[in-house]
Number of protein chains: 2
Amino acid sequence: MSGDFDLGAFLPYRLNRAAELVSLRFAAQYKAKYRMTRPEWRALAALGFHGRMTATEIGAHSTMHKTKVSRAVKALEIRRWLRRIEDKNDRRTEHLELTALGLHSYRDLAKMAQDYEEELACLLGASGLKQLERGLTALEDAMLSGTEDPNSQSKPIAKHSER
Amino acid sequence: MSGDFDLGAFLPYRLNRAAELVSLRFAAQYKAKYRMTRPEWRALAALGFHGRMTATEIGAHSTMHKTKVSRAVKALEIRRWLRRIEDKNDRRTEHLELTALGLHSYRDLAKMAQDYEEELACLLGASGLKQLERGLTALEDAMLSGTEDPNSQSKPIAKHSER
DNA sequence: TCTTGATAGTTGCAAAATCAACCGTTACGA
DNA sequence: TCGTAACGGTTGATTTTGCAACTATCAAGA
């Protein structure tokens, strides 16, 4: 059978698998505790970490499609975890900012995240962790500067024919 | 703002981002050429690489939920890329096998995958690639032997309350 | 042989992701 | 200052996903 292509070694395959393995476990935690979706957690994290930012910026940072961001923001707004602040110079954009309530939740979630990170680091071991991190850094640099636009994700890079 | 939690360094975050960056680009290629979904490509790849196997086995290898596998298999069957072969000893299981047509497509896709892999390797550089691979290996080992069941993905590990 | 429980795989339904089209706004060249 | 194109963000429709419940089969013991 098999030619000389090794599926088990194929990078996209491995990365997806790894990402799923790692984030599913964490997702289970915040889902259980706060009933929030992944986009919501991501948006919250971005805002909590960076402070006030726009929806577009959130999308760029977290590699989420703008509709995902839009709905996540709406959900967080309904929970009263964030508020929208209009821009005086440009009425299209809105700046987003966590409320006290949102910040409180963010801190709790961030704590959970840190704990999880420690758990992972422990499982991985110092050297494994370091290699993974370096490898990821290399990849990020390569992909972003590599060939195309740095912000990405409005268009998934190569978009051709079809549908 | 930000406490001492560094979102940009959070492993699940980075991994997801990296996985998306890397596989979206490749997905665009086979989507454009064959109009196939990711589960379909994965199932095809598993079958092409390993030869005849059951749906459950595909799920185990590619970390896909069994319903995903089921639907992907159906789609591939409709394209006449695979056939089902019944097991004489156990009528519950079915062995899956690529047709000549399926094999042909697989070879083409595998070629594309290899090319892409080379491109990635080139972008990443030898050392970056090696580190990433080692890191991923460490992570796979850690996650799978780590705490829970090795096959995973029928149950995403921790399943608690709720809906 | 019957019962109980596991296993392989499928399907219905509800939640989530994607896509395209859209609205209001701004930027900018003719 | 108009007109066109681009931008930020939202919405509705369609597609995919994930979960639960289901069918059919097998296994093993009473």
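First the proteins, then the strands, lettered A, B, ... as listed; each starts at 1. Atoms considered below: every heavy atom in the structure, side chains included; atoms not considered: hydrogens, waters and symmetry mates.
Residues A:Glu140 and B:Arg17 are not paired through a salt bridge, judged by the lack of any N-O separation under 4.0 Å between the basic side chain and the carboxylate.
Between the B:Tyr13 side chain and the A:Arg42 main chain, no donor and acceptor come within less than 3.5 Å of each other.
Nearest to the side chain of B:Asp90, among D:dT10, C:dT11, D:dT25, sits D:dT25.
For A:Lys68, no side-chain nitrogen or oxygen approaches OP1 or OP2 of C:dA16 to under 4.0 Å. The phosphate of D:dG9 (OP1 or OP2) has a side-chain N or O of A:Thr56 nearer than 4.0 angstrom. Listed pair A:Ser70 / D:dT10 meets the phosphate criterion, a side-chain N or O lying under 4.0 Å from OP1 or OP2. A:Arg84 has a side-chain polar atom (N or O) that falls below the 4.0 Å cut-off from OP1 or OP2 of D:dT10. Contact annotation: B:Lys66 does not reach the phosphate of D:dC19 (side-chain N/O to OP1 or OP2, under 4.0 Å).
Evaluation of atom-type donor-acceptor distances gives a pair under 3.5 Å for the side chain of B:Arg92 against the base of C:dT7. Below the 3.5 angstrom threshold, one finds a donor paired with an acceptor across the side chain of B:Arg71 and the base of C:dG12.
Taking the six-membered ring for Trp and the full ring otherwise, the centers of B:Phe10 and A:Phe26 sit less than 6.0 Å from each other.
Two residues, B:Leu96 and A:Asp87, neighbour DNA chain C, and the one matched to the more 5' nucleotide by heavy-atom proximity is B:Leu96.
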